[in-house]
Amino acid sequence: MQRLSRNGAYIPPAASVAAGSELISVRNLTVGFGQQTVLKNLDLDVYSGEILGVVGGSGTGKSVLMRTILGLNRKSSGQVVIYGHDIDKANRKQIEMIDRSWGVLFQNGALFSSLTVKQNIQVPMREHTRLSERLMDDLARLKIEMVGLQSDAADKFPAELSGGMVKRASLARALALDPQIVFLDEPTSGLDPIGAGQFDELIVKLRDTLGLTVFMVTHDLDSLVTVCDRIAVLARGKVLTEGPLHDILRFDDPWLNAYFHGARGRAALEHETR
Amino acid sequence: MSLNAEPTSWSTQPPSLRKADVGGAVTAFPSGDWTLAHASVLEKLVSAEVRALADGTRKASAAAFAIDFSAIGQLDTVGALLLNRLVLASQQPLKMMQGEDKHRVLMQAVNANDLKPNVQAKPKSGPLDFFVSLGRMGKTFVHELAQVLSILGGASAALVRWLTFVRRFRWAAYLTHLERTGLNAAPIVALMSFLIGGILAQQGTFYFRRFGADLYVVDLAGMLTLRELGVLLTAIMVAGRSGSALTAELGSMKMREEIDALRVLGIDPVEVLILPRLLALITALPILTLIADLAALFGAALDAAIYGGIPGEVFLSRLHEAIDLQEFFVGFTKAPFMALIIGLIASLEGLNVLGSTESLGEHTTQAVVKSIFFVIVVDGFFAVFFASIGI
């Protein structure tokens, strides 16, 4: 999978990477904190252009998996390969390129509280690129509108935004550098059902217009049913099962049964099949 | 749909832009990669064409305009945004030809969003700005004074509730804060005062020796430390140490809505958060002052013995003649008032913290600066007061 020339420079992607090929592959991943092992020998692939939903009960390590792929947690063992580069063996320049190529929406937005929305979106632009002020302003405005915020939100501070607006602003920041893949940590948590539905639509729309790949950790049944192309279920430190929704529904597991066939699960599924 | 699995910024095809007349319509042929990585090149390409287009529309109005995507490599929002500038300059609706679906979808989306011109209202500046900001400062001052009084009132009311057994006193909180502001500060306060006493005695020794009045260094050191320096420096140390901590604690609780949570749970934040801290400060500062006085006198005695050749017994007996208990009490009485000022200002700043981390930092700084300033101001008032009653 290594597409490196001898001096460590990048060989352009070329046509070797077709649609639906692996962007990220995780092999034998084990992560623990102290005595506790959260993920054990986990395997997972993320394919380009898909919306992958990662579900699981509380404490099954969904966020830990995401943070480990992002390099925010240390792993005990295993391999994380991103665009064909093993992140343990990648050099500094490759790591920087990888960092630039993804956007992350943290659960609580994690907007910088002392900057306005526009400045928040421009942080990655200023850090990683040399764009003219005018272009950065235009881009920030474009991203703000693409995520469905009013343009007057640009000069507001995070403390002045509602929960849903914080999520959207944070998504706009994640999209600042036209990422290849976005990681969403419970994007619809804390939103009302209407807001959550709109957010789901937004994610699909952005995937279609920007050609994004989406890695989404979620609890929201409606999001799973309406948005995700593929679902990975985490349990006992592993991927219990993965696949499209109808495959997951056929899988027999007490937790999954309770999850999908509880009152809320049934409602979401019925709504979808109607 | 061929998705590029590597980030677009890794691509190497340089972009270019060609314009041609196709069937009476001005058609732009972008080629290469129109992506973030080439942003500065692209912006130059586009702004040149925008000028040309603007000239063209001025001369022959409303020439048809189209973009042909057949030669483009990759396109991201930066590229689409810049292409859209051409569309805007042509004053024509977006018309696209050929190329891949995904590029047209993106271009359509950018065009749909990016129509409004970027207008930003700049705040007007006028000759009266200075007075406006002066007025604002005055208003803030009055407002903050009212807030300080309200905190003081709330704390007093809570104290009364405790004294009349309506409410239990929070001993655990009080003792914790007493340990943090008093006991934990004692070593640094003692060390600082010891050094100050020594420095004072050394300067005094050299000065008084010129007059052959070496022994007066004891008067100088004793009077200055007991009346002024002991309490003042201790208060400044406590303002920097505990005042800032108080503001930061209250401020971060405010940011996370913990203070609001207390309120809706029917718990008075002034009673549970501020009163124990205020009382701890008021108890700790006099004790620290006493420690500071003793350490400073010890430092002065040691220094006088080394530099001035004044033996310890002589220092003590001279001190006994020069100073009476009154000097000690002049300094000591000021301590609780200074503690109150530090506590009130720090609480006020803590409660005024807004949502951002920047605001937290700003208010913590303000708390320290203001409390040190007001400690010195109050010290001045006390000096005037004691002088006028002849102490």
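So that the names make sense, note that chain A is the first sequence line, chain B the second, and so on, each numbered from 1.
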### Query
In terms of heavy-atom proximity below 4.5 Å to chain A, should L82(B) be classed as side chain, backbone, both, or neither?
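Interface part for L82(B): side chain.
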### Query
Q366(B) and N352(B): side-chain donor and acceptor closer than 3.5 Å?
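No.
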### Query
Between T213(A) and S48(A), do the side chains contain an N or O donor and an N or O acceptor separated by less than 3.5 Å?
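No, no side-chain donor-acceptor contact under 3.5 Å.
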### Query
Contact part of L131(A) toward chain B, heavy-atom cut-off under 4.5 Å: side chain, backbone, both or neither?
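Side chain only.
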### Task
Let me know if K205(A) has heavy atoms under 4.5 Å from chain B in its side chain, its backbone, both or neither.
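Neither part, no heavy atoms under 4.5 Å.
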### Query
Salt bridge between D68(B) and R18(B), side-chain N to carboxylate O under 4.0 Å?
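The answer is no: the pair does not qualify as a salt bridge.
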### Query
Which of the residues V78(B), L360(B), L354(B) is involved in the greatest number of heavy-atom pairs with chain A at under 4.5 angstrom?
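Looking at each option in turn, the highest pair count goes to V78(B).
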#### Entry: R173(A) charged N/C atom sitting above F112(A) aromatic ring, 6.0 Å / 45°
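Flagged: R173(A) positioned over aromatic ring of F112(A).
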